[in-house]
Amino acid sequence: MFMLKRLLLSITLTLFISPVFWVQASNLSKQLLTMPMTLTTGKVVTLEQYQGKKPVYLKFWATWCKPCIEQMPHFEQISQQHSDKLAVIAINLGINDNLAAVLKVQQEFNLSMPMAIDSSGDLAQAFRLLGTPYHLLFDKQMNLVHLGHKADSVLDNKIALLSSEQQLDLLADNAITETAKPMRLALDNNKTQAFLFTATWCDWYFKDSRPTASQQCIAAQNSVNNLTQKFDNIAWQGIISRLWTGPAELANYTKKYQVKHAIAIDVSNSMFHQYAVKELPSLVIVKDGEVILRTSDFSEPEALAEQISNL
């Protein structure tokens, strides 16, 4: 009897210290596990709902993102082939996009996976989106096992292994943890503040897919260059999207448009998220902490100047 008790105790301790035991827990934060994803059907899902049931494949995309569209046949093939053992969810960025545009792509490629639109920007912020397409794979315990932008053999192999319930190496706990610090702007708090939210690529990348937005991006920067001279009582600041953008792209953009105001990349996406900017470009004017003007229409510079003068 004594030996039997020792054996049982040994087995119990082994289970508690075994790696197999520990992988039952996720390396994601509770915030990520419970982050609501609202599907176009109205249904709300979370990663936590799938924990212990099946792996999850999240893909962030945009209708104007060329590589995203090129990858759609592959995306649907993965969904068709593995959806019984893998939860596949598409998440549209909601930037310069709407439900109609999403449904059009969905119909064009006969996409069958659940679809969400990140209308608040919460999902992009939570999962540290740096560019699209953006692939995230989570194993059955909701450990992150893949992060990337390519639809390649590496992604395919990992999906096949997950679907056959094979264990994969885990990515670092902080792989999708925001490490960049929020922007610290050297603005005069006694002044009204004007933020031009734009991107270094929106003028040329949107040229074919979003021609109106492309023209607005050009007009926005040219208009703000002039407005900074006319309204020197306002503290002007350019806020550049971090998507596909680094110091070199910012320097080229600044030179191209002869930017006459302070400008910086929102490396933590904190400003875009704080002001819920979902349209590029956008001008947000703030006074005493309150938004007093928000516009994405720069087609009539004189009308915009008049609007600002009346604030």
Side-chain angles (χ1 to χ4, degrees), residues 28-40 44-48 56-69 71-72 75 87-99 101-102 105-106 113-138 142 144 146-151 171 174-183 195 197-202 205-206 209-210 213 239-246 249 264-282 284 294 296:
L28 301 182
S29 68
K30 187 69 173 179
Q31 178 190 7
L32 285 177
L33 285 173
T34 58
M35 179 67 63
M37 294 176 279
T38 303
L39 305 181
T40 53
V44 177
V45 297
T46 67
L47 292 180
E48 190 174 48
V56 175
Y57 171 25
L58 299 182
K59 180 175 180 177
F60 285 82
W61 69 288
T63 65
W64 42 262
C65 164
K66 296 175 184 177
C68 298
I69 299 303
Q71 290 179 11
M72 281 306 173
F75 195 26
V88 180
I89 302 173
I91 303 175
N92 180 271
L93 294 191
I95 296 176
N96 290 75
D97 254 337
N98 54 37
L99 179 59
V102 170
V105 172
Q106 194 173 18
M113 74 287 295
M115 192 79 64
I117 299 177
D118 188 19
S119 56
S120 66
D122 289 348
L123 296 173
Q125 189 69 4
F127 290 102
R128 201 186 177 210
L129 175 77
L130 297 175
T132 54
Y134 190 52
H135 307 267
L136 299 141
L137 279 180
F138 304 90
M142 292 307 115
L144 182 65
H146 181 81
L147 178 67
H149 302 287
K150 297 180 180 180
L171 299 191
N174 61 353
I176 49 178
T177 300
E178 186 56 66
T179 57
K181 295 181 179 179
M183 294 182 71
F195 303 121
F197 290 90
T198 189
T200 59
W201 41 264
C202 68
Y205 195 82
F206 280 163
S209 60
R210 295 287 187 279
I239 310 290
I240 298 295
S241 170
R242 71 179 180 181
L243 300 181
W244 311 284
T245 300
E249 288 77 15
I265 301 171
D266 187 7
V267 292
S268 68
N269 200 50
S270 57
M271 292 288 287
F272 271 83
H273 190 233
Q274 177 183 345
Y275 289 101
V277 176
K278 304 299 290 182
E279 194 79 16
L280 295 175
S282 287
V284 178
R294 179 190 292 265
S296 292

Query raised in the report: So, the side chain of Q125 versus the backbone of S268: is there a donor-acceptor pair under 3.5 Å, distance only?
Result: yes

Query - Any V88 side-chain heavy atom under 4.5 Å of K59 side chain - result: no

Query raised in the report: Which atom names give the shortest non-hydrogen contact between E178 and V267, and what distance separates them?
Result: OE2-O, 4.0 Å

Report task. Any chance you could measure R210, atom CZ, to E279, atom CD, to the nearest 0.5 Å? Result -> 9.0 Å

**Report entry** 4.5 Å side-chain heavy-atom contact, I91 and W61
**Finding:** no

Query raised in the report: Which value, rounded to the nearest 0.5 Å, describes the distance between L47 atom CG and F138 atom CZ?
Result: 5.5 Å

Query raised in the report: What distance do N269 atom CG and R128 atom CZ have between them, rounded to the nearest 0.5 Å?
Result: 11.5 Å

**Report entry** Flag, side chain of W64 to backbone of D97, donor-acceptor distance under 3.5 Å
**Finding:** no

Report task. Apply side chain to side chain contact (heavy atoms under 4.5 Å, CB included) to the pair W244 and E249, showing each step before the final yes or no. Result -> CA-CA 9 Å; W244 311 284; E249 288 77 15; over 6 Å; no

Query - Distance-minimising heavy-atom pair for T132 and C68 - result: CB-SG, 3.7 Å

Requested in this report: Measure across T63 and A101 and return the closest heavy-atom pair with its distance rounded to 0.1 Å.
Outcome: CG2-O, 3.7 Å

Query - Side-chain donor or acceptor of Q71 paired with backbone N/O of H149 under 3.5 Å - result: yes

Query raised in the report: Hey, does the side chain of R294 reach the backbone of Y275 with a donor-acceptor pair shorter than 3.5 angstrom?
Result: yes

Query raised in the report: Less than 4.5 Å apart, any side-chain heavy atom of V56 and any of M142?
Result: yes

Query raised in the report: From M35 CE over to L28 CG, what is the distance, rounded to the nearest 0.5 angstrom?
Result: 11.0 Å

**Report entry** Expected output: side-chain T245 to main-chain L243 donor-acceptor under 3.5 Å
**Finding:** yes

Report task. Would you name the heavy atoms of G121 and H273 that are closest together and state the gap between them? Result -> O-CD2, 3.6 Å

Report summary line: Of all heavy-atom pairs linking I117 and G94, the shortest is CG2-CA, 4.0 Å

Report summary line: Those residues at least two apart in sequence (or on a different chain) that pass ring pair (Phe, Tyr, Trp, His ring centres under 6.0 Å) with F127 are none

Query - side-chain hydrogen bond (donor to acceptor under 3.5 Å, both in side chains) involving T46 - partner list, sequence neighbours excluded - result: none

**Report entry** Donor-acceptor pair, side chain of H135 and main chain of L147, under 3.5 angstrom
**Finding:** no

**Report entry** side chain to side chain contact (heavy atoms under 4.5 Å, CB included) between L171 and I176, worked out
**Finding:** CA-CA 9 Å; L171 299 191; I176 49 178; over 6 Å; no

Report task. Describe, in one word, how the ring planes of F60 and Y134 are oriented to each other, choosing from parallel (under 30°), tilted (30 to 60°) and perpendicular (over 60°). Result -> tilted

Query - CA sep, side-chain torsions, deciding dist, call: L129, D118, side chain to side chain contact (heavy atoms under 4.5 Å, CB included) - result: CA-CA 12 Å; L129 175 77; D118 188 19; over 6 Å; no

Requested in this report: Measure the SG-CG distance between C65 and N92 for me, rounded to the nearest 0.5 Å.
Outcome: 10.0 Å

Query raised in the report: Considering only heavy atoms from C-beta outward, does the side chain of I89 approach that of L39 to under 4.5 Å?
Result: yes

Report task. Show your working on side chain to side chain contact (heavy atoms under 4.5 Å, CB included) between Y205 and K66 and close with a plain yes or no. Result -> CA-CA 9 Å; Y205 195 82; K66 296 175 184 177; 3.6 Å; yes

Report summary line: For M37 and L123 the tightest heavy-atom approach is CG-CD2, 3.7 Å

Query raised in the report: Looking at CG of L58 and CG of L137, how far apart are the two atoms once the value is rounded to the nearest 0.5 Å?
Result: 8.5 Å

